[in-house]
Amino acid sequence: MEFNRLYELKNICKENKEQRDCYFASLDQMLTEQNSSYSLLEDDLGRLDDSAWSFFRDELKPYLFKKDKKRGWTQLFDKFNEAKGYGYLLDKGCSSVEFIPPSRVKGVETPDLLGRKGEEVYLCEVKTINQSDIHRKRVIERKAGSVGDQLNEGLREQLKAVAGKARTQLESYKCKNVLSMIAYILIENDNWQPEAKKKLYPQIKSYVTSLSEERFEVHFFFLGSNNCIEDYTCSSF
């Protein structure tokens with residue numbers, strides 16, 4: 001497999017004098033050690049047309065150098081997840097998909113994506129719910145912890161807040177012929193086991209369905225350890 005778009009990001013690292021602090025500075029070694037994970041990422045990026053990729057590549061640039069002391073490269077991979085939203089709109093039958101530039105109005109946040117299907121328009125905002133601080137601390141300290149299979153109040157409130165934030169962004173963008181506004185939520189779990197995920201899936205689905213209204217849809221997907229989407233139902237949302 002060729003990794004053309006990942007190597008374009010590596011070239012951005014080479015152009016910067018602080019390339020050692022850039023995520024893809026050691027891409028050759030990374031591909032040797034974790035080829036399957038980066039194959040999935042290249043697949044996601046490869047679905048973008050040339051215009052969308054040019055825009056998205058520029059958007060990625062600052063995140064290639066943003067490693068957080070506590071959460072590592074979370075911001076970069078949250079940004080990469082917008083490419084999954086792009087692919088999601090293609091899978092819904094959109095003939096063209098584009099990234100929406102940030103608003104020039106102070107305090108106004110736009111959604112991420114716009115897809116066209118004939119004269120109909122789909123707007124999409126991609127959100128990622130990352131692993132909790134409690135779980136990350138437990139991993140660092142190598143402590144054991146219980147893993148529940150029920151939708152707890154913490155995750156319920158997170159979903160509500162994230163969906164509400166997405167809706168505000170979607171409604172801020174004025175566009176004709178909008179058929180649907182979509183909050184596309186990716187959940188990076190706290191080391192849930194497969195059986196726990198199967199039990200959580202219908203609970204979360206029922207809850208996010210209750211957050212949806214006419215022209216506003218909330219959809220969620222679990223993110224696996226290699227940033228792939230895991231499906232726990234035979235039918236699509």
Side-chain angles (χ1 to χ4, degrees), residues 2 4-6 8 39-60 77-105 107-129 159-160 162-187 201-202 204-223 227-237:
E2 296 183 355
N4 295 327
R5 293 196 161 169
L6 292 189
E8 285 188 49
S39 294
L40 291 169
L41 178 56
E42 180 71 24
D43 286 343
D44 285 341
L45 299 179
R47 300 193 72 181
L48 278 58
D49 64 27
D50 290 343
S51 178
W53 170 239
S54 179
F55 175 87
F56 193 53
R57 183 183 57 216
D58 288 343
E59 290 282 294
L60 285 167
F77 278 88
D78 286 355
K79 191 68 180 177
F80 276 137
N81 286 340
E82 292 177 20
K84 295 185 185 296
Y86 184 104
Y88 178 74
L89 290 181
L90 290 179
D91 292 339
K92 285 184 72 69
C94 290
S95 56
S96 67
V97 181
E98 60 191 68
F99 289 97
I100 299 174
S103 173
R104 295 182 180 180
V105 179
V108 175
E109 295 184 62
T110 55
D112 295 316
L113 297 153
L114 182 152
R116 299 185 187 277
K117 188 176 182 181
E119 295 184 357
E120 298 173 343
V121 170
Y122 293 82
L123 298 178
C124 180
E125 170 62 19
V126 180
K127 296 291 189 186
T128 303
I129 295 179
L159 286 164
K160 182 178 180 180
V162 166
K165 172 70 172 176
R167 182 168 189 166
T168 298
Q169 291 175 246
L170 289 159
E171 291 179 340
S172 73
Y173 191 75
K174 305 306 178 184
C175 182
K176 295 181 179 180
N177 302 323
V178 176
L179 178 67
S180 180
M181 298 180 294
I182 301 166
Y184 179 89
I185 302 174
L186 297 166
I187 303 175
Y201 191 96
I204 298 176
K205 181 177 180 179
S206 176
Y207 182 66
V208 300
T209 298
S210 73
L211 299 174
S212 301
E213 296 181 14
E214 184 178 2
R215 291 206 316 150
F216 175 63
E217 305 174 34
V218 184
H219 300 297
F220 82 96
F221 299 89
F222 289 134
L223 275 179
N227 218 45
C228 69
I229 289 177
E230 299 179 342
D231 193 6
Y232 284 87
T233 180
C234 294
S235 60
S236 178
F237 272 85

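Quick note: numbers below take in every heavy atom, side chains included, and nothing from hydrogens, waters or symmetry partners.
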> Does anything in residues 78-88 pair up under salt bridge (charged side-chain N to carboxylate O under 4.0 Å, His left out), and if so which pairs, sequence neighbours excluded?
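Sorted result for residues 78-88: D44-K84, E59-K79, K79-E82.
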> Quick test of your reading of the model: are E109 and K165 salt-bridged, counting only N-O distances below 4.0 Å?
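Between K165 and E109 there is a salt bridge, with a charged N closer than 4.0 Å to a carboxylate O.
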> Out of curiosity, L40 CG to L45 CG, how far, rounded to the nearest 0.5 Å?
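Spacing of CG (L40) from CG (L45) equals 11.0 Å.
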> Using 30° and 60° as the class limits, which term best fits the ring planes of F56 and F99: parallel, tilted or perpendicular?
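Parallel.
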> Under the salt bridge (charged side-chain N to carboxylate O under 4.0 Å, His left out) rule, what pairs show up with a residue in residues 206-222, not counting sequence neighbours?
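Qualifying pairs, neighbours excluded: R167-E213.
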> What are the two closest heavy atoms between P101 and F55, and how far apart are they?
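Shortest heavy-atom separation between P101 and F55 comes out as CA-CZ, 3.9 Å.
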> Once rounded to the nearest 0.5 Å, what's the spacing between atom CD1 of I129 and atom CG of L186?
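If I round to the nearest 0.5 Å, the distance is 9.5 Å.
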> Find the distance between CD (E120) and NZ (K92) and round it off to the nearest 0.5 Å.
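Here the rounded value is 10.5 Å.
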> Using atom types as modelled and distance alone, determine if a side-chain donor or acceptor of S95 lies under 3.5 Å from a backbone N or O of G118.
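Not at all, since once roles are kept as given, no pair shorter than 3.5 Å links the two residues.
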> Any idea which heavy atoms bring Y207 and K160 closest together, and the distance?
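Result for this residue pair: OH-CB, 3.4 Å.
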> Check the pair D112, Y184 against side chain to side chain contact (heavy atoms under 4.5 Å, CB included), reporting the backbone distance first and the verdict last.
CA-CA 10 Å; D112 295 316; Y184 179 89; over 6 Å; no
> Rounded to the nearest 0.5 Å, what separation is found between the OH atom of Y122 and the NZ atom of K117?
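If I round to the nearest 0.5 Å, the distance is 4.5 Å.
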> Side chains of L223 and N81: closer than 4.5 Å at any heavy-atom pair?
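L223 vs N81: side chains touch.
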> CD1/I187 to CD1/I204 distance, rounded to the nearest 0.5 angstrom?
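It is 4.5 Å, given to the nearest 0.5 Å.
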> Could you pull out the closest heavy-atom pair between F216 and A163, with the gap in Å?
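Scanning both residues, the minimum pair turns out to be CZ-O, 3.6 Å.
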> Determine whether a donor-acceptor pair (N or O, by modelled atom type, separation under 3.5 Å) exists between the side chain of S54 and the backbone of S51.
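Flag not set: sc S54 to bb S51 has no pair under 3.5 Å.
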> Using the test ring pair (Phe, Tyr, Trp, His ring centres under 6.0 Å), find all partners of F80 that sit at least two apart in sequence or belong to another chain.
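Checked F80 against ring pair (Phe, Tyr, Trp, His ring centres under 6.0 Å); matches are F77.
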> Calculate, to the nearest 0.5 Å, the distance between atoms CG and OG belonging to L123 and S180 respectively.
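Here the rounded value is 8.5 Å.
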> If only atom types and distance count, is the side chain of R5 paired as donor or acceptor with the main-chain N or O of L48 below 3.5 Å?
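A pair under 3.5 Å: yes.
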> Could you give me the CA-CA distance, side-chain angles and deciding distance for V218 and L159, then say whether side chain to side chain contact (heavy atoms under 4.5 Å, CB included) is met?
CA-CA 10 Å; V218 184; L159 286 164; over 6 Å; no
> Under the side-chain hydrogen bond (donor to acceptor under 3.5 Å, both in side chains) test, which residues partner S103, sequence neighbours left out?
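Expected list: none.
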> Could you check if a side-chain atom of D49 sits within less than 4.5 angstrom of a side-chain atom of Y86, using non-hydrogen atoms only?
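Touching, per the 4.5 Å side-chain cut-off.
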> Please give me the minimum heavy-atom distance between E2 and N4, naming the atom from each residue.
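Heavy atoms only, the tightest pair is OE1-ND2, 3.3 Å.
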> By side-chain hydrogen bond (donor to acceptor under 3.5 Å, both in side chains), which residues pair with E119, not counting sequence neighbours?
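With neighbours one apart ignored, the set is empty.
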> Not counting sequence neighbours, which residues clear side-chain hydrogen bond (donor to acceptor under 3.5 Å, both in side chains) with D43? List them please.
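None.
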> Taking all heavy atoms of T110 and all of S172, pick out the closest pair and write down the distance.
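Answer, listing the atom of T110 first, then S172: CA-OG, 4.1 Å.
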> Begin from the C-alpha positions of Y88 and V126 and carry the test side chain to side chain contact (heavy atoms under 4.5 Å, CB included) through to its verdict.
CA-CA 10 Å; Y88 178 74; V126 180; over 6 Å; no
